[in-house]
Visitor: 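Could you have a look at this structure, given as structure tokens, before my questions?
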Amino acid sequence: MHNLSVMMGDIEGYLTPQILASAQRCAQRLLTTLPHPDQPEKNRVLLAYGGGKDSSYMVAYVRYIQGLIWQQHGSTFQLRIATNRHAAMTESVMANIDRVYHALRIHGDAYTECLVTDGLQIRPFARDLPMPESVRQQNRSDVLMNGHRFRADARSTFCNACNLSMVNAFGLTAHYDGGVDVIITGDSPQEQTAYLAWARHLSRLFNAPPAERSRGFSGFLQTLDGVAERYAADVYGTDPVAPAHRITWQLARDPRFFNIYQDTAYEAGAHWALLTEFMHFQFDELMFSFSESDCGNPTLMAHLRGLRAETLLQRSYAEGIREYVRFALGLMVEKDFPPPLIDEMAARYQDDAAIARARQRAEHFALQAFDLNETQLVCMIFSPFVADGQQLARWLQQLENAPDEAAVRALLSGERDDVVLAHRLTALSGLTVTQMRHCWRSAQVSSLLEGGRGDALSRVLRFDPHKAVIQVHNGALQDIVTEVISGR
């Protein structure tokens, strides 16, 4: 049983003549890409769906193409839609996905399967599908260890492990239940080439063996698995590396890529009625967070900037927030967000009262998503345990009833064990003693401004995109200093 005939009648009134014409061309191109063009139903196509505004439009566009091929040939390809979930995606994202699926008549459709990847687990989509506690704890550990190793750099803290997890989800769902023939992407051929070059660059940074160029997508995944293994060994100090930090690359089939970049525009303003009226997409107060519409982490990135200004730089929380807001609103402009959405985001931080409310939201979300309180986030900003406790004294100075520095050094260097002190440090930082001791043995990652060190993590940090160099007042030094700000 399929619902394509009803769906086609429902959706066409929300598609412009340009989109209708481009979809016809795209459907013909896709047919020639499929390994069985004369028997469309024998082909399985994978589409990743993050749950945001752009990927929701992409699901609608591909679903319409699926319907066009059915109208023309009496059958169509099998569509696998896969969502990779993490702790910073709340139930409101799942609700948006569910509304999109209902609008597109996907539930119960024989030509379509909808999957959710939670870590290494793949399950059919359900709006109220509980997230495994093991995944939430893994995400918490990822934020803590990346945050301490990268001194709370916003993107490194929240995005590095998440990006590798997203790549692994591609491998998992491309291999699942016999594999897929084609992966549909909205990336241009130039972007795909850049991703391949990026993977090979990372493999050289981490001295990971690149796969044979002839291996296609599985080779790309194999190359990044070598990167992920070495990255995790460095950041987490685990041997062997946990399966959750590896990337699946041995696939049932090696799929082809098909891009729809040249066929359609993604700007939300170009298909606003389709998005909000037909698919009932809602911009949640937490999940619509600066340049993201399906992830609350940018809210925490702004929060970290405010806490950094308030503690490390001895300024005010509001000053740090305004720095981040100026930076992130610029990213929204670069990404062609509709002006009303940019205005809505700016209004959330428009004055001190609004910033105070935003701080409360961020504090609640940090606890809800990652079980991290403000004290633990501030500890991450200082990163006091890295490099034999280089910043330990500064961190201890701002604590009330701080532990004895000599005792902390003795515990983390391994000279002695102290169960009571270990318990207190875990409460203050969120880290286990094993994690703190790994940080203690690890070198400081250098930033864009510091340069010098050529280790892999420092180079990853320096060349990560979406950064700006800004001048700020350092209250501790009573001087103007140069800092790097990053985010989404």
Side-chain angles (χ1 to χ4, degrees), residues 137-165 202-208 226-242 244-246 304 308 312 370 372 376-396 403 405-418 421-422 425-426 428-464 484 486:
Q137 289 301 316
Q138 182 65 64
N139 291 168
R140 180 181 190 269
S141 177
D142 290 340
V143 167
L144 280 167
M145 289 302 290
N146 282 278
H148 277 265
R149 292 301 307 279
F150 288 93
R151 291 184 283 180
D153 172 77
R155 283 176 55 85
S156 302
T157 298
F158 293 103
C159 301
N160 285 4
C162 190
N163 287 341
L164 290 171
S165 170
L202 287 178
S203 72
R204 290 192 294 270
L205 283 184
F206 286 93
N207 197 28
V227 172
E229 181 181 23
R230 287 157 178 79
Y231 178 89
D234 194 338
V235 171
Y236 304 94
T238 50
D239 183 21
V241 168
H245 288 135
R246 299 294 298 271
L304 279 179
R308 177 182 177 83
L312 193 66
F370 299 109
L372 293 174
Q376 292 162 342
L377 293 176
V378 170
C379 180
M380 184 194 301
I381 290 166
F382 279 87
S383 300
F385 312 126
V386 174
D388 296 319
Q390 198 172 92
Q391 298 297 321
L392 180 61
R394 290 188 69 189
W395 174 62
L396 292 173
E405 181 178 348
V408 174
R409 290 186 176 277
L411 172 66
L412 299 186
S413 65
E415 293 177 12
R416 56 173 287 191
D417 289 320
D418 184 329
L421 178 59
L425 290 177
T426 293
L428 290 169
S429 68
L431 297 169
T432 66
V433 170
T434 299
Q435 290 171 326
M436 285 183 265
R437 283 176 170 168
H438 176 65
C439 289
W440 194 267
R441 296 188 298 268
S442 300
Q444 185 75 68
V445 176
S446 59
S447 75
L448 178 67
L449 298 176
E450 293 160 332
R453 297 191 64 233
D455 64 289
L457 293 188
S458 294
R459 294 179 69 180
V460 167
L461 176 60
R462 290 200 297 272
F463 295 107
D464 187 57
V484 176
S486 76

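Only a predicted model underlies this, so the values are computations on that prediction, with no experimental measurement involved.
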Visitor: Grab the two heavy atoms, one from Ile381 and one from Leu304, that are nearest each other, plus how far apart they are.
Guide: CD1-O, 3.7 Å
Visitor: If you compare all heavy atoms of Arg149 against all heavy atoms of Val235, which two are closest, and at what distance to 0.1 Å?
Guide: NH1-CA, 3.5 Å
Visitor: State, with a plain yes or no, whether a side-chain heavy atom of Trp395 is found less than 4.5 Å away from one of Leu312.
Guide: no
Visitor: Using atom types as modelled and distance alone, determine if a side-chain donor or acceptor of Thr426 lies under 3.5 Å from a backbone N or O of Leu431.
Guide: yes
Visitor: Take His148 and Gln435 through the test side-chain contact (heavy atoms from CB on, under 4.5 Å) and record every step on the way to the result.
Guide: CA-CA 10 Å; His148 277 265; Gln435 290 171 326; over 6 Å; no
Visitor: Return the OG1 to CZ distance between Thr157 and Phe150, rounded to the nearest 0.5 Å.
Guide: 8.5 Å
Visitor: In terms of ring plane angle, is the pair Phe158 and Phe370 parallel, tilted or perpendicular, where the classes change at 30° and 60°?
Guide: tilted
Visitor: Measure the shortest side-chain to side-chain distance between Asp153 and Ser486 over non-hydrogen atoms and say whether it is less than 4.5 angstrom.
Guide: yes
Visitor: Rounded to the nearest 0.5 Å, how far does CG of Leu412 lie from CG of Leu421?
Guide: 7.5 Å
Visitor: Determine yes or no for a side-chain-to-main-chain donor-acceptor pair under 3.5 angstrom, with His245 supplying the side chain and Ala232 the backbone.
Guide: no
Visitor: How about Leu396 and Pro384: do any of their side-chain heavy atoms sit closer than 4.5 Å?
Guide: no
Visitor: Within this structure, what is the CZ-OG1 distance for the pair Arg437 and Thr432, rounded to the nearest 0.5 Å?
Guide: 10.0 Å
Visitor: Mind listing the closest non-hydrogen atom pair of Arg140 and Gly430 along with its distance?
Guide: NH1-O, 3.3 Å
Visitor: Does any non-hydrogen side-chain atom of Val143 lie less than 4.5 Å from one of Met380?
Guide: yes
Visitor: Verify whether one side chain among Ser383 and Gln444 offers a donor that lies under 3.5 Å from an acceptor in the other.
Guide: no
Visitor: Please check if the side chain of Ser429 supplies one atom and the backbone of Leu425 the other of a donor-acceptor pair under 3.5 Å.
Guide: yes
Visitor: Over all heavy atoms of both residues, which pair between Ser446 and Arg151 is shortest? Give the atoms and the distance, please.
Guide: CA-NH2, 3.9 Å
Visitor: Measure the CG-OG distance between Leu461 and Ser156 for me, rounded to the nearest 0.5 Å.
Guide: 4.5 Å
Visitor: CG of Leu457 to CZ of Arg230: how many Å apart, nearest 0.5 Å?
Guide: 13.5 Å
Visitor: Give every donor-acceptor pair under 3.5 Å between a side-chain atom in residues 385-393 and any protein atom, sequence neighbours left out.
Guide:
unit_1: Asp388; atom_1: OD1; unit_2: Trp440; atom_2: NE1; d: 3.3

Visitor: Is the shortest side-chain heavy-atom distance between Tyr231 and Leu202 below 4.5 Å?
Guide: no
Visitor: Would you compute the distance between atom CG of Asn163 and atom CZ of Arg155 and round it to the nearest 0.5 angstrom?
Guide: 7.0 Å
Visitor: Please give me the minimum heavy-atom distance between Pro403 and Val408, naming the atom from each residue.
Guide: CB-CG2, 3.9 Å
Visitor: Compare every heavy atom of Tyr236 with every heavy atom of Ser141, then report the nearest pair and how far apart it is.
Guide: O-CE2, 4.2 Å
Visitor: Taking the side chain as C-beta and beyond, is there a heavy-atom pair between Val433 and Met436 under 4.5 Å?
Guide: yes
